[in-house]
Every structure is written in C-alpha cells, then in structure tokens.
Amino acid sequence: MAEPVKLIGAVGSPFTHRAEAALRLKGVPYELVHEDLDNKSELLLRLNPLNKTVPVLLHGDRAICESLVIVQYVDEAFDGPPLLPTDPYDRATTARFWAHFMEHKCSMPFWMALWSGGERRKGFVEEARENLALLEEHLQVHGKRFLAGDAVGYPDLAGSYIPLMLDMFEELSGTSLMGDDEYPAMRRWVKEYNSDEAVKSCVTNKKQLAAYFRVKKDKYKMMVKAMLKQY
Amino acid sequence: MNEPVKLLGSFGSPFTHRAEAALRLKGVAYEFIQEDLGNKSELLLRHNPVHKKVPLLLHGDRAVAESLVIVEYVDEAFQGPPLLPSDPLARAAARFWAQFAVDRCLRTLFKALWTPDGEARRGFVAETKENLALMEAQLEGRRFFGGDEIGYLDIAASGLAWLTVLEELAGVERSMIGEEEFPALCRWRGEYTSHEAVKACLPSRDQIVAFYAGMKERLVLLAKSMQKK
C-alpha cells in the first residue's frame, strides 16, 4: 500500500521517538509534521480528540494514536524487518512482557527520579534502580543484544526513554543513575540502542531530546514538585 | 504443541477472568490452579518473579504473565476463533480502546467505587461516565466490541460486567452504568455474561463478594493513593 505516511510529533517527545524509530527500522518513508506542544494544531486536536497528544500516525486517511499502538501497527501494516519475534511465546514473554514492564512499571519512577529533588528523589532512584536490576538480569540470562533479540524491537522502543535520557541524570543531579561498574548488560544495551543506525537517524534523536529537556527543565521540575506536594 | 496448559489465578479477580475467557473462547483445555493471594505458591513465585501476580499461564514449561499479554498469546499460540481482527488498523483500534478501557474507564471506576462520598468521588463518577459514553459509542449497535463475537476489547473491558456486585459491596445506591444512559453497554453486559464460553468462567456473585470482601479497607487506601495521579 503506497499511501503517504505522516507522523505528527514533537521533537522533544520520547513517545514520538518510539513511533519515528519504528518507521525508520521498518524502512517506511514518512513526513514528520512538527507539533508545538505549547500551541497544539487544529489537525492534532481533530485526529486525537481524546488525548490531544503526539504522536499520531497518519497512513493515508487512517489515524493511529498511542505510541506503542503505533509501533505495533507499523510492524503489522508494512513489510520490513519484524519488530516483534515470530514465535508466539517469544512475542508474549520477551517482547510484550518487557514492553509492558518498561511502560507501566519502569517509566514513572525513572521520570520522577529525574525531575524530583530531596528526600523524595531517593525513593524514586531506589525504585528505578530496582527496575534496572530486573532488566539487567533479563539481558544477562537472555544473552541477546537487545531485549527480545539481536535487533532493536518493540520492547527496546518501549524503553527507549532510558538510553535517550540517561545522560540527563548526571546533567541534572551530578550523579549518574548507573555507576560505571554497575549494570554492565544494561549499559551495553544503552550503547547498542544509541548506536543503531535507524535510531540515530531519527529527527527525535538523543541530542534533540536533551536540548528540548534542557530548555524545559524548570517546567518539568515544577510539575513534578506540584505532583508530589499533593501526596 | 499439545503440552498441558495451566492457569494460576484467583477466581473473582477480573484479571484472572480475562485469561480464562480467552482460553475458553479459543477452546483450549486447561487446568485452573487457585492461588491464595495471601500465601503465594512456590510455583507462582518461581515463574513470575518480576511481578509475583496472577494470572499466570503455564503452557508446558513456558510461563506467560500479564492478563492482556496472556490473551494475545492464547490468540497466537492456539488454533480457534481469532480474538483480534486480522486487519492492522482494526487491531490498532482494538488495542487503543483496550488501553482506554483500562486506563480511563476501569481505573477511574475503581477510584469512584472506593473513594468515600464527597467531591472527589463525584468527580471520579463524572469522569467515569464521560469515558463510558465513549465506550458506549464504540459499540455502534453491535453485539460485542469485536462484532458478532467476543474479541480482545470485550475481554479487556470485561471488568465492567460485574460492576453491579462491586457497587453493592461499596454501598452505591444507583449503578453508574444505568439503562437509560448506557443502553448499549447494558445490552453488551447481558450478552457477555450469557455467552456460552464466558459463562463457564464467570465467578458467581458469592465468589466475587468473597474475593473483594476481605479487601475493602485496602481498596479504599489504594484508591486514596491513586487520587492525585
């Protein structure tokens, strides 16, 4: 199907990155339509009235929302290297399980650890590191380059915020989330992810995301502070 | 693969139900192993060390965790009627709405149920109803979200089916899913709960009550902690 593909996204969005990386990995030509998240377009609000967020994939006149739903759609609607394994068990246990873990268990403590401060931060950092330890064990036992195989796939995209934003920990707080002699398999995974050609070629790459968050860091710190005050 | 299938679960739990419904709909023979959630078995802890939760599917010596991951696995690993459509766009829609049902309906509904009366509770009820209206619209006069047959989205949203029992337990006077406001959802609920395959794994009112009865205090605390998220 040779209908035009557009990705409505924001350069500073790790969610947009997931979708963009999926398109690149699959080899699908697309146009990136830039959204200003502080001034959302009529197009975005029309295509994603429920959540009003990026990314939104436009394939011809079909709109698909939610980054991980988009990744799976890209895998299924286009020819190209598979983003999930073919065996049902591997699909369920390595790909989907770890994608779910990255999205639902790992992301919140990571995000909160990044932007919070003081005593509360300690708790989030601890939780984030516990999650890293689980991922470390999986990578070591599974013995592959990436979470579900030897190529970047679905769970890696789900967890891509880690390789993309890990350096920011050090930038923001002076300490790294992973020490130089800790989590060797995770640090290898981070390096592998960031060196992948398709990933590197994204507009929403590590450098762009870092630049975006550097500019917006006070805003996110304030947001998290406000969230925590309510507890 | 003709290896034995076991489902570790807790009867009365809507998450366990999802996994069981998928197995029944697919026509897969399985053994149900009831887990005592206050005293988890060695089998569960060994095969689901990351989350230590039910449901957990054991297919031969392979363990699959997370209810919706189990549903997709059952759909892909066994022959039988498809639970997800084959068209990629339809699959994307089912996944999108399943996420919506889980995050914006079931989650807010949970908060609405277990938050004590007051402004916060009224807010959750309003939000739940707003989101349920969107689910109502998704049915578009069909029997199930999946069309003529139960599909992935129906299974994901199945927790709505025994809402009335929970509302009784929580002391709610008028159900959130009333006939007038949500005629399609009420009809769907009837269809879902009377479906041959599903009926066989639907907990009875007593079983649901038993599952939740000991938990009320914990649920109220959990709802409170979820409030500000």
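Since the structure is predicted, the reported quantities are computational estimates derived from the model, not experimental observations. Just so it is clear: chains get the letters A, B, ... in the order the sequence lines come, proteins before strands, and each one is counted from 1. Both backbone and side-chain heavy atoms feed into the values below; hydrogens, waters and symmetry mates do not.
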> With chain A, which of B:Arg95, B:His51, B:Arg104, B:Gln99 has the greatest number of heavy-atom pairs at distances under 4.5 Å?
Replying inline: B:Arg95
>> Can you confirm whether B:Lys26 is buried at NZ, in the sense that more than 12 heavy atoms of other residues, nucleotides or ligands lie under 6.0 Å from that atom?
In response: yes
>> Tell me whether A:Lys6 at atom NZ has more than 12 heavy atoms from other residues, nucleotides or ligands lying less than 6.0 Å away.
In response: no
> So with a 6.0 Å cut-off around CD of B:Gln138, is the heavy-atom count from everything else above 12?
Replying inline: yes
> Checking A:Asp75 against chain B: side chain, backbone, both or neither under 4.5 Å from a heavy atom?
Replying inline: neither
>> Could you measure the distance from the NE2 atom of A:His100 to the OG atom of B:Ser67? Nearest 0.5 Å is fine.
In response: 7.5 Å
> Considering residues, nucleotides and ligands other than A:Lys217, do more than 12 of their heavy atoms fall under 6.0 Å from its NZ?
Replying inline: no
> Using a cut-off of under 4.5 Å for heavy-atom pairs, which of B:Val69, B:Asp87, B:Leu89 has the most such pairs with chain A?
Replying inline: B:Leu89
> Of the non-hydrogen atoms in B:Pro88 and A:Tyr73, which two are nearest, and what is the gap between them?
Replying inline: O-CD1, 3.5 Å
> Taking atom OH of A:Tyr30 as the centre, does the number of heavy atoms from other residues, nucleotides or ligands within less than 6.0 Å exceed 12?
Replying inline: yes
>> Could you measure the distance from the OH atom of A:Tyr89 to the CG atom of B:Leu57? Nearest 0.5 Å is fine.
In response: 10.0 Å
> Would one find more than 12 heavy atoms of other residues, nucleotides or ligands at under 6.0 Å from atom CZ of B:Arg218?
Replying inline: no
> With a 4.0 Å cut-off, would you call A:Arg96 and B:Glu72 a salt bridge?
Replying inline: yes
> So with a 6.0 Å cut-off around CG of A:Asp150, is the heavy-atom count from everything else above 12?
Replying inline: yes
>> Surrounding CD of A:Glu42 (heavy atoms of other residues, nucleotides or ligands, distance under 6.0 Å), is the total greater than 12?
In response: no
>> Against B:Phe96, only a single residue in A:Leu68, A:Ile70, A:Leu50, A:Ile64 fulfils side-chain contact (heavy atoms from CB on, under 4.5 Å); can you say which?
In response: A:Leu50
> Which atom names give the shortest non-hydrogen contact between A:Thr93 and B:Ala63, and what distance separates them?
Replying inline: CG2-O, 3.0 Å
> Looking at A:His104, A:Glu66, A:His138, A:Glu137, which has the largest count of heavy-atom pairs under 4.5 Å with chain B?
Replying inline: A:Glu66
> Which bit of B:Leu68 comes within less than 4.5 Å of chain A, counting heavy atoms only: side chain, backbone, both or neither?
Replying inline: neither
>> So which atom in B:Tyr73 and which in A:Pro88 form the shortest heavy-atom distance, rounded to 0.1 Å?
In response: CD1-O, 3.3 Å
